[in-house]
Engineer: 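Structure in structure tokens, see below.
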Amino acid sequence: MLDWILILLIHLCFLILLGVSFNLTAGYLGLTNVATAAIFGVGANITAALTTGGWNFFAALPLSIAGGACAGALTGLPSLRVKGLNYLMVSIGFQLLLHDVFKNSSLMGNKEGVRDIPFPSLAGLNFSSTPRYFLLSLLAVISVILFTWRLTNSAYGRQMRGIRENELLLTSLGKNVNRVKLQTFAIGGAIAALGGSLYAAHTRFVSYESFGLDLSIKILVVTVMGGLGRLLGPALGASFAIFVPEILRALEFDSAEVLIIERMLYASALLLLLWFRPRGLVESCERLLGFRRYFMTPSAGRFDP
Amino acid sequence: MFSEFVINGLLTGLGYVPVACGLALVFSVTGVFNFSHGIFYVMAGTLAYLLVEVTHFGPGLSFLLALGVTVFFGYIVSACAFHPLQKKGASGSALMIASIGLLILLQNAWLLVQGNGKLSLRYDYLTKAPVLANLYSLTLSQFLAVPVSVICLALAVTLLRRTDLGRSMRAVSSNRNLAIEQGLDVRLTDVIAFAAGAGLASVSGFLDLLDPGVGIDPIKTLRITLISSVAVLAGGRHSLVGTALACVVLGVVRSLSIWLTQENWSDAVTAALLIVFVCVRPAGIAGRAAVMGGV
């Protein structure tokens, strides 16, 4: 029972990392980027390739993060030229391109996927038990959230929000908009790749099927539900989402059906959000109950870039 | 070998022309970049297959019925899914995200109901490969691709250029707000564009259903959408003829990428082309001057 809860929480950690990564670009920069799942896959595949090749997990982790940051910056490169609908299309292109690379290239997994990824261990300390792995993931999540808290509440974070609100004004104030964009994309990519790296070592099996467009949509739904452009938005949204597969399993669907129904639920949630609550569930609840905003976010993002 | 790949690519590309023109029509008139467009293709193909195999209607009647149902479904999608958003003034990216949600919802619903697997109709007179000048063996579906895609394109262009409805659609396409101010019924043009788009997509679906080597598979929804998207973006977003040309070129490029790499990298190449076209040449091969219905 405890193990079951901990595994659930570990998956929650992965989802939070992905949500934070998505939130940095979509919430703060205002560029809806649906390639997050692909960058997650980059991190997972680099870790899988290196650790099955005999590397220690903690040696592979920085390389995966660096790879994710590079991939993130690459997906951010077109944002210097295009935005809005056009950028959304570009990010879909990146998502599908990388997904196909995972599927076909022997370097980054292949159709069969990579099996038997070793558990992380460092200086005699083994992370094969669930509680220890949970602590490791929790550490990652807490450090990432603290980092984004510092980042978004600094002058740099104001520049990020400035790009969302009025890019031209920011340029005319002499700020280097392009640098901020690329750096934010790289940071987002690094966070997603960190999640992917931890994911690979936890499930011990990576396959291209886990990094499809539907995961990106799941991340988008989770973040928008929690509140786009808020520090704890992804964490809140992810905590709702983590129970969905468990409820479906309790309703005695088999595992293939659970996957399909979960995707359908997220897609319907997305449509319902767009139709009725484009500002997310949490903000609606706050307004209904008359709460102040639950964490310091000067102005929340809009789901309508 | 090389020429065989080129000809195959050319004919496959021609087979994509109707579905891509449907997407171009929808995007240009309604402003929705409908990423769930492939659903119409799969839906029409599957319905036609079921009608032929289960209810034993003749192919002609089955295709007509499937076309009718898909066109009606296009109307439903426009009226129920996108109209509420357009009424609220949603941006292009919000509309596109809604269409991605719709794609994932419908594709998985299809997988749940019908399951995975390729459907294709097998007739004796279809599988016997006719031979062109004793050099290339082509299926009947490939032969049909040429006249069918030309007729579809001609019909769509005629609708836009020769009818009053088409004139309203062109007006909405060139300036939506002005068209609303002028009292044009935008909702009508939206619905017609979606219905016509669905109808055009189903024609491609029928062509592939008739080809045992290709067939209809729910898994292909995203691929068909991707191919049509690239064709629309490369063809200049508002030009049907440009889209059709881009389709043919894309078919050849995809085929040659298989010839060059011996592996199936064609989807990756298509996705890369999407990125390149949006970043480098957003106006497509037709250029900025392209307007809806123009040639």
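Worth saying up front: this structure is predicted, and the values here are computed from it rather than measured. Naming convention: chains lettered A, B, ... in sequence-line order (proteins, then strands); numbering from 1 in each chain.
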Engineer: Report the distance from atom CG of B/N108 to atom OH of A/Y266, rounding to the nearest 0.5 Å.
Structural biologist: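 One finds 13.0 Å between CG of B/N108 and OH of A/Y266.
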Engineer: For A/L168, look at atom CG and say whether over 12 heavy atoms of other residues, nucleotides or ligands are found less than 6.0 Å away.
Structural biologist: no
Engineer: Check whether A/I260 gets within reach of chain B through its side chain, its backbone, both or neither, counting any heavy atom under 4.5 Å.
Structural biologist: both
Engineer: Which distance, rounded to the nearest 0.5 Å, do you find between the CG of B/L112 and the CG of A/L259?
Structural biologist: 11.5 Å
Engineer: Give, as side chain, backbone, both or neither, the part of A/I261 having an atom under 4.5 angstrom from any heavy atom of chain B.
Structural biologist: side chain
Engineer: Find the distance between CG (A/L274) and CZ (B/F82) and round it off to the nearest 0.5 Å.
Structural biologist: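 Going from CG on A/L274 over to CZ on B/F82, the span is 10.0 Å.
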Engineer: Start with the C-alpha gap between A/H99 and B/D267, add the side-chain angles, then the distance that decides, and say whether side-chain contact (heavy atoms from CB on, under 4.5 Å) holds.
Structural biologist: CA-CA 10 Å; A/H99 187 252; B/D267 285 344; over 6 Å; no
Engineer: Top residue by heavy-atom pair count (under 4.5 Å) with chain A, among B/F35, B/W265, B/F33?
Structural biologist: B/W265
Engineer: What part of B/L105 is in contact with chain A, defined as an atom under 4.5 angstrom from a non-hydrogen atom: side chain, backbone, both or neither?
Structural biologist: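 For B/L105, the contact with chain A is made by backbone and side chain together.
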Engineer: What is the minimum heavy-atom distance between B/C80 and A/W275, and which atoms define it?
Structural biologist: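 Result for this residue pair: O-CZ2, 3.6 Å.
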Engineer: Name the region of A/R263, side chain, backbone, both or neither, that has any atom closer than 4.5 Å to a heavy atom of chain B.
Structural biologist: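 Both backbone and side chain.
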Engineer: Nearest 0.5 Å please: distance from the CD1 atom of B/I104 over to the CG atom of A/L265.
Structural biologist: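 Nearest 0.5 Å value for the CD1-CG distance: 12.5 Å.
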Engineer: Which residues satisfy the side chain to side chain donor-acceptor pair (under 3.5 Å) test with A/R249, sequence neighbours excluded?
Structural biologist: A/E246
Engineer: Please list all pairs passing the ring-ring contact (aromatic ring centres under 6.0 Å, His included) test where one or both residues lie in residues 89-112 of chain B, with sequence neighbours left out.
Structural biologist: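 Checked against ring-ring contact (aromatic ring centres under 6.0 Å, His included) - neighbours excluded - no pair reaches residues 89-112 of chain B.
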Engineer: Once rounded to the nearest 0.5 Å, what's the spacing between atom CG of B/L106 and atom CE of A/M264?
Structural biologist: 8.5 Å
Engineer: Let me know if A/L88 has heavy atoms under 4.5 Å from chain B in its side chain, its backbone, both or neither.
Structural biologist: side chain
Engineer: Below 4.5 Å, heavy-atom pairs only: which of B/L85, B/L226, B/V269 has the largest tally toward chain A?
Structural biologist: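 Most heavy-atom pairs under 4.5 Å with chain A: B/L85.
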Engineer: For B/L233, is it the side chain, the backbone, both, or neither that has a heavy atom closer than 4.5 Å to a heavy atom of chain A?
Structural biologist: side chain
Engineer: Looking at SG of B/C279 and CG of A/N86, how far apart are the two atoms once the value is rounded to the nearest 0.5 Å?
Structural biologist: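 Those atoms lie 8.5 Å apart.
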Engineer: What residue in A/L96, A/V82, A/V34, A/L77 has the most heavy-atom pairs under 4.5 Å with chain B?
Structural biologist: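 Counting heavy-atom pairs under 4.5 Å, the top option is A/L96.
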Engineer: Select one option (side chain, backbone, both, neither) describing which atoms of B/L222 are under 4.5 Å from chain A's heavy atoms.
Structural biologist: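 For B/L222, side-chain heavy atoms alone lie under 4.5 Å from chain A.
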Engineer: Tell me, yes or no, whether the heavy-atom count around B/K220 atom NZ, taken from other residues, nucleotides or ligands under 6.0 Å, exceeds 12.
Structural biologist: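 Counting neighbours around NZ of B/K220, more than 12 heavy atoms of other residues, nucleotides or ligands fall under 6.0 Å, so yes.
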Engineer: Between A/V90 and B/L274, is there a side-chain heavy-atom distance shorter than 4.5 Å?
Structural biologist: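 Answer no - side chains too far apart.
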Engineer: A/Y87 versus chain B, heavy atoms under 4.5 Å apart: side chain, backbone, both or neither?
Structural biologist: neither
Engineer: Heavy atoms only, distances under 4.5 angstrom: which of A/S91, A/S268, A/A267, A/A269 has the most pairs with chain B? Name it, please.
Structural biologist: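 Among A/S91, A/S268, A/A267, A/A269, the one with the most close pairs to chain B is A/A267.
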Engineer: Which atom names give the shortest non-hydrogen contact between A/L270 and B/G101, and what distance separates them?
Structural biologist: CD2-CA, 3.7 Å
Engineer: Could you give me the CA-CA distance, side-chain angles and deciding distance for B/F27 and A/L85, then say whether side-chain contact (heavy atoms from CB on, under 4.5 Å) is met?
Structural biologist: CA-CA 12 Å; B/F27 178 50; A/L85 175 65; 4.0 Å; yes
Engineer: Of the backbone (N, CA, C, O) and the side chain (C-beta and beyond), which part of B/V280 lies under 4.5 Å from a heavy atom of chain A, both, or neither?
Structural biologist: backbone
